Structures are given as C-alpha cells and as structure tokens.
Amino acid sequence: MHKNFIAGAWVEGGTTGLNLNPSDTNDVIGEYARADAAQAEQAISAAFEAQKRWAQCTAEQRSDALDRIGTEILSRRDELGALLSREEGKTLPEGVAEVVRAGRVFKFFAGEALRLGGEKLPSIRAGVDVEVTREPEGVVGIITPWNFPIAIPAWKIAPALAFGNAVVFKPADLVPGSAWALSEIIARAGQLPEGTFNLVMGPGSKVGQTLATSRHVRAITFTGSVQTGRAVGMTCMERGAKVQLEMGGKNPLIILNDADLEQAVSVAINGCFFSTGQRCTGSSRLIVEDGIHDAFVRAMAQRMASLKVDHALKAGTDIGPVVSQDQLDQDRHYIVLGTQEGGHLVAGGELLKRDTPGYYLSPALITETQNAMCINREEVFGPVASVIRVKDYEEAVETANDTDFGLSSGICTTSLKHATDFKRRSTAGMVMVNVPTAGVDYHAPFGGRKGSSHGSREQGTYAREFYTSVKTAYTLA
C-alpha cells in the first residue's frame with residue numbers, strides 16, 4: 001500500500017485505487033491511497049503550521065534540501081524512468097529523460113533559493129529609505145496532470161520550496177506511482193520540517209476542491225483541462241487567492257514551400273506523435289503551404305508507416321500506448337469526427353494488437369481539413385494530427401493565430417525573413433523555428449496566452465513571480 005504523506009507521517013486514505021500499466025492492462029503497478037476532503041484539510045493545516053518554520057530557514061538550508069532531492073532523483077533515473085513509462089505509457093527513453101529533467105529542475109531551484117534578491121530605491125522624500133523584497137506566499141496547492149507525472153510536479157514543487165512556501169501536492173489519479181516516488185524522495189532526502197511537504201492522492205472533486213476553497217491555501221498552481229482549470233481559477237479568484245493555470249493548446253506548425261522537407265517531417269513527427277501525442281505543446285495543426293503540401297503529406301505517411309507502436313518498455317518502441325481507455329475513446333472520436341467533417345484519413349488511426357493487452361493506436365494523419373472544423377478547434381490530446389492547406393505565408397500566419405489557444409507555435413522555413421516575422425506575429429506564448437513545438441528548456445519561462453494559460457510563467461527565474469509576494473518597506477533614516 002502506497003500511503004499519503006501528511007504532517008511528516010505516511011497515512012492510509014479513506015479508499016484505495018489500483019495503478020494499471022497501459023502497455024499491459026494485466027500488470028498492476030500498485031495500490032495507492034486516495035484521500036478524502038478531511039485528509040486534505042489535515043494536510044493543509046499541517047502545511048499552514050509548518051510554513052513559518054520553513055520560511056525562517058536560511059536560503060542555504062533550503063538550497064541544500066533541494067540539491068539533495070535533485071541528486072537522488074538523478075541517481076535513480078533508470079529505475080524511476082521505468083516506473084514512469086510503465087504507468088504513463090511513454091517510451092522508456094522518454095521516461096528516463098523526464099526523470100532527468102525533474103532532477104535538473106530541483107538542482108536549478110537549489111541555486112535560485114540563493115539568488116532571491118531585492119531592491120533598494122531612492123525615495124522622493126528626503127531621509128526615507130525604500131526597500132523592495134520578496135516573501136513566500138504561504139501554503140501552495142499543487143495540482144498536476146497525468147502526461148508528465150514527475151517533470152510537472154518537479155517544476156511546481158521545487159520553486160515553491162525554494163522560496164519558503166509549504167506544499168500540498170495533489171497528483172493526477174491516473175498516474176500516482178511517479179508522484180508517490182517523488183514525494184518519498186522529497187520527504188526523506190529533503191529533511192524538511194514536518195508538514196512542509198504533503199502528498200494527498202485522490203479525486204479532484206474532493207482533494208482539489210478542498211485546496212481551491214481553503215482560506216489557508218494562498219496560491220494554487222494547476223495544469224490540466226480547460227474546464228477544470230477555469231473552475232479552479234474562478235474559485236480561487238472569488239476568495240482572492242493567487243492562481244496559475246496551464247490548460248492546453250491547439251498548436252500550429254507551419255510548413256512553408258522553402259522548408260527543408262526532411263527536416264520539416266522530422267519536426268512534425270516529433271511534435272505530433274512522440275509521447276503518444278499526449279503533450280499540451282504538441283503540434284496538432286499542420287499548416288502547409290500549397291507548393292510543398294503533397295510532397296510533405298507523402299513523406300509524412302511514409303515516415304509514419306515506419307514508426308513502431310508497442311509496449312513502452314520494449315527496446316525499439318517509437319510510440320507507446322495511449323494512457324487509458326477513456327483517452328483512447330476520445331482519440332478515436334476525433335478521428336471519426338474529422339472524417340465526418342470532410343477530412344481524409346490518409347494514415348493510421350487504427351487499433352493495434354500487441355503481445356500484451358493495451359491501449360495501442362497507430363498515429364493518425366487527417367488531410368484536407370479546414371481551420372473551422374472541430375478537429376482543428378478542440379484539443380484531442382493524442383497521436384492525431386490534421387493538415388490544413390494554405391496558399392501562402394500570410395494565410396498560414398492568419399490560420400495559425402485563429403485559435404482560442406496560444407501555448408506553442410512553430411514554423412519550418414529556410415527564410416530568415418519569414419522566421420523573424422513569425423516570431424513577432426505569432427500569438428502563442430512560445431514560438432519554435434525549425435524545432436518541434438513540444439520540447440522546452442527547464443531554465444526558460446514556460447506558458448501561453450489566450451485560453452492556454454492564466455497567471456505568471458512557470459520555470460526559470462520567472463517562477464519567482466508566482467511563488468513570492470512583493471513587499472515594499474519605507475523607513476525614516
């Protein structure tokens with residue numbers, strides 16, 4: 001039994017749930033506790049009491065704690081990567097890479113804990129000193145999704161702790177294994193004061209709602225669906241709590257006539273289908289200029305046919321299974337809908353049988369779509385990409401920006417003029433030139449615009465904007 005961690009102790013939940021392997025649904029990874037609202041309240045109370053002690057620790061103490069956590073994560077990369085791939089379904093190399101990223105994030109914020117500075121300003125009044133400092137927000141509620149079960153928790157938990165906050169962490173119900181393993185490392189290797197870090201696994205309707213409504217939780221950082229994110233945001237804003245939301249995207253990748261065809265296909269294959277397409281930064285809309293369209297579609301179909309879809313832990317697997325039956329049903333729904341709307345399924349979209357029972361789907365490519373179709377307006381979150389044919393660069397940019405989302409965008413071109421212009425005109429928070437729309441650095445700001453994100457950016461030095469509060473002090477000298 002994998003228990004919740006509250007006030008420095010491992011405790012059983014009100015109920016339990018099984019963690020199943022999407023590559024082999026006969027494989028039970030483990031049994032995990034599921035907290036109720038009362039346990040969530042206990043965790044919040046413990047964090048509220050512990051936060052003052054943690055904030056009074058020196059920056060060096062906080063830095064050392066995060067560094068120890070990062071060191072252990074990195075030393076166990078193969079073990080943790082295998083667990084991650086086993087429960088979430090991304091390939092083993094991707095799982096190990098995600099674990100390494102998590103370790104590096106803790107190492108980065110170990111440094112940031114020592115670099116949190118302030119300002120001393122000249123006053124407009126004689127004899128008065130002005131100081132601007134940053135202080136921890138207090139208790140931070142962290143709600144994370146299933147698609148990056150160790151990296152996203154890491155890039156939320158690490159800055160929260162680095163800047164003196166206490167944490168109540170609620171991971172996704174679907175993938176508790178990586179979250180529990182990370183929490184066990186934090187609880188032990190971090191040597192934190194009791195109650196500073198708390199893990200409450202359980203349903204969002206109980207645990208997440210309790211976090212969002214508690215007066216002791218001063219900030220909520222959430223990554224997940226648009227519908228849930230908006231509900232969390234409204235609840236937090238009604239009581240004046242700080243909120244940070246990452247809610248997905250419908251990311252365009254433009255392919256211009258002058259693009260290097262082989263490079264463009266590689267960029268699109270990575271952005272559309274790696275990690276089984278289950279990335280909020282994935283390339284779901286391929287906007288292709290007319291002159292290269294047919295050659296690009298042929299090359300994509302050829303490359304897709306060579307991709308190996310199989311068990312996530314099997315050597316040579318390019319794409320693992322979809323994470324769950326519900327997600328598989330959603331992917332298939334949008335494939336059917338895309339063809340009903342007038343698109344042509346030119347490759348993939350088939351259920352596959354492998355040596356073990358799992359949620360296997362061949363990556364799908366749908367051509368001849370229009371930007372107004374549901375397949376191009378709504379987030380699929382699977383290995384499904386649609387192609388939109390455009391007559392020129394101007395139409396490509398207009399189409400790329402015509403979306404309610406604004407997380408990531410990309411362009412494949414050999415034109416410096418068009419690359420420079422697109423970086424300026426794209427309405428996404430992140431812009432990629434000749435690299436996949438999915439894939440970001442841990443020391444750079446992450447986040448989008450429009451319906452994709454709300455609040456300050458995640459990661460890098462920009463993380464301090466969310467996890468700290470600015471105080472201005474005036475002193476008569």
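All values below were derived from every heavy atom in this structure, side-chain atoms included, with hydrogens, water molecules and symmetry-related copies excluded. Just so it is clear, the structure is predicted and the values come from calculations on it, not from any experiment. When a residue number appears, it is its place in the shown sequence, counting from 1.
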Indicate whether any N or O donor in one side chain lies under 3.5 Å from an N or O acceptor in the other, for Ser284 and Glu379. no
Over all atoms of both residues, closest heavy-atom pair of Ser23 and Ala312: OG-N, 3.1 Å
Taking the six-membered ring for Trp, are Phe381 and Trp146 parallel (under 30°), tilted (30 to 60°) or perpendicular (over 60°)? perpendicular
Is it the case that the side chain of Ser426 and the backbone of Ala428 share a donor-acceptor pair, with hydrogens and angles ignored and the cut-off at 3.5 Å? yes
Under a 3.5 Å distance rule, please check whether Asn165 uses its side chain to pair with a backbone N or O of Val140 as donor and acceptor. no
Tyr467 side chain vs Ala219 backbone, donor-acceptor pair below 3.5 Å: no
Taking the ring of Trp155 and the ring of Phe109, is the distance between their centroids below 6.0 Å? no
Does a salt bridge link Arg332 with Asp329, judged by any charged N lying under 4.0 Å from a carboxylate O? no
Does Val323 offer a backbone N or O that forms a donor-acceptor pair with the side chain of Gln278 under 3.5 Å? yes
Salt-bridged, Arg76 to Glu72, with N to O below 4.0 Å? yes
Less than 4.0 Å between a side-chain N and a carboxylate O, is that true for Arg86 and Asp27? yes
Indicate yes or no for a side-chain donor-acceptor contact from Ser283 to the backbone of Pro252 under 3.5 Å, with no hydrogens or angles considered. no
Flag the pair Glu394 and Arg425 as a salt bridge only when some basic side-chain nitrogen lies within less than 4.0 angstrom of an acidic carboxylate oxygen. yes
Taking it one step at a time, do Gln244 and Ile220 satisfy side chain to side chain contact (heavy atoms under 4.5 Å, CB included)? CA-CA 6 Å; Gln244 179 184 65; Ile220 293 277; over 6 Å; no
When you measure from the centre of the six-membered ring of Phe466, is the NZ or CZ of Lys242 closer than 6.0 Å and no more than 45° off the axis? yes
Please check if any side-chain donor atom of Thr281 sits under 3.5 Å from a side-chain acceptor atom of Thr437, or the reverse. no
Within-4.5 Å side-chain heavy-atom neighbours: Ile255 and Ile292: yes
Under a 4.0 Å N-O cut-off, is there an ion pair linking Asp294 with Arg389? yes
Look up atom CG in Leu182 and atom CD1 in Ile69, then write down how far apart they are to the nearest 0.5 Å. 8.0 Å
Are Asp355 and Lys314 ion-paired here, with the side-chain N under 4.0 Å from a carboxylate O? yes
Salt bridge check, Glu378 against Lys250: does any charged N sit closer than 4.0 Å to a carboxylate O? no
Lys90 and Ser85: side chain donor to acceptor below 3.5 Å: no
Ion pair Asp67/Lys107, N-O distance below 4.0 Å: yes
Step-by-step salt bridge (charged side-chain N to carboxylate O under 4.0 Å, His left out) determination, Glu135 to Lys471: CA-CA 7 Å; Glu135 297 181 348; Lys471 176 178 283 185; 3.0 Å; yes
Using a strict cut-off of less than 4.0 Å between a Lys/Arg side-chain nitrogen and an Asp/Glu carboxylate oxygen, indicate whether Glu465 and Arg457 qualify as a salt bridge. no
Find the distance between OH (Tyr359) and CD (Gln327) and round it off to the nearest 0.5 Å. 12.0 Å
Side chain to side chain, Arg104 and Leu74, heavy atoms closer than 4.5 Å: yes
Between Thr223 and Glu458 the two heavy atoms that sit nearest each other are OG1-OE1, 4.1 Å
Exam field: side chain Arg68 to backbone Gly190, donor-acceptor pair closer than 3.5 Å: yes
So for atom CE, which belongs to Met237, do other residues, nucleotides or ligands contribute more than 12 heavy atoms lying within a distance under 6.0 Å? yes
Charged N to carboxylate O below 4.0 Å: is that the case for Asp402 and Arg377? yes
Answer yes when Glu112 and Arg115 have at least one side-chain N-carboxylate O distance shorter than 4.0 Å, and no when they do not. yes
Short side-chain donor-acceptor distance under 3.5 Å, Glu94 and Ser275: yes
Just checking, is any N or O donor in the side chain of Asn251 or Ser408 under 3.5 Å from an acceptor N or O on the other one? no
